[in-house]
Amino acid sequence: MTQEEQIRLWRLMEKLNWFFHQEMHYLDRETAEQTARECYPEIRDFTYDILWNDLPKEVQERLEDEECP
């Protein structure tokens, strides 16, 4: 992972930590929707491109066999 990607991931995690740290954030529909719109593209990119591509092939295969919750 590049340093730029690490910074992006840190910012994403900081935003999600802010969101989940206070119940009032995720219980407020407007705040929840705004946070979802802001964070989902980064979550998708990290999940299916950046982090996935950093995993060894054997680990990718093992994860593909797991069922999603």
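Starting from 1, each residue takes its place in the sequence as its number.
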**Item:** Other residues, nucleotides, ligands: >12 heavy atoms within 6.0 Å of E33 CD
**Value:** yes
**Message:** A side-chain contact here means heavy atoms from C-beta on lying under 4.5 Å apart; do R44 and P41 qualify?
**Reply:** yes
Enumerate donor-acceptor pairs with a distance under 3.5 Å from any side-chain N or O in residues 9-21 to protein atoms, sequence neighbours excluded.
unit_1	atom_1	unit_2	atom_2	d
K15	NZ	E38	OE1	2.9

**Item:** R8 bridged to E4 by N-O distance under 4.0 Å
**Value:** no
**Fill in**
Under a side-chain separation threshold of 4.5 Å, the hydrophobic residues clustered together with Y40 are none
**Asked** Minimum heavy-atom separation for T31 to D28, with atom names?
**Response** OG1-OD2, 2.5 Å
**Fill in**
Sorted by chain and number, sequence neighbours left out, salt bridge (Lys or Arg N to Asp or Glu O under 4.0 Å) with R37 holds for none
**Request:** Please examine the side chains of I7 and Q3, heavy atoms only from C-beta on, and report whether any two atoms are closer than 4.5 Å.
**Result:** yes
**Asked** Should we say atom CD of E61 is surrounded by more than 12 heavy atoms from elsewhere, each under 6.0 Å from it?
**Response** yes
List the atom pairs, with distances to 0.1 Å, where a side-chain N or O of residues 46-57 and a protein N or O form a donor-acceptor pair under 3.5 Å, not counting sequence neighbours.
unit_1	atom_1	unit_2	atom_2	d
T47	OG1	I43	O	2.7
N53	ND2	D49	O	2.7
D54	OD2	M1	N	3.2

**Message:** If we ignore hydrogens and angles and just use 3.5 Å, is the side chain of E42 paired with the main-chain N or O of C39 as donor and acceptor?
**Reply:** no
**Item:** Partners meeting salt bridge (Lys or Arg N to Asp or Glu O under 4.0 Å) with R62 (sequence neighbours left out)
**Value:** none
**Asked** Among all residues two or more places apart in sequence or in another chain, which pass the salt bridge (Lys or Arg N to Asp or Glu O under 4.0 Å) test with E58?
**Response** none
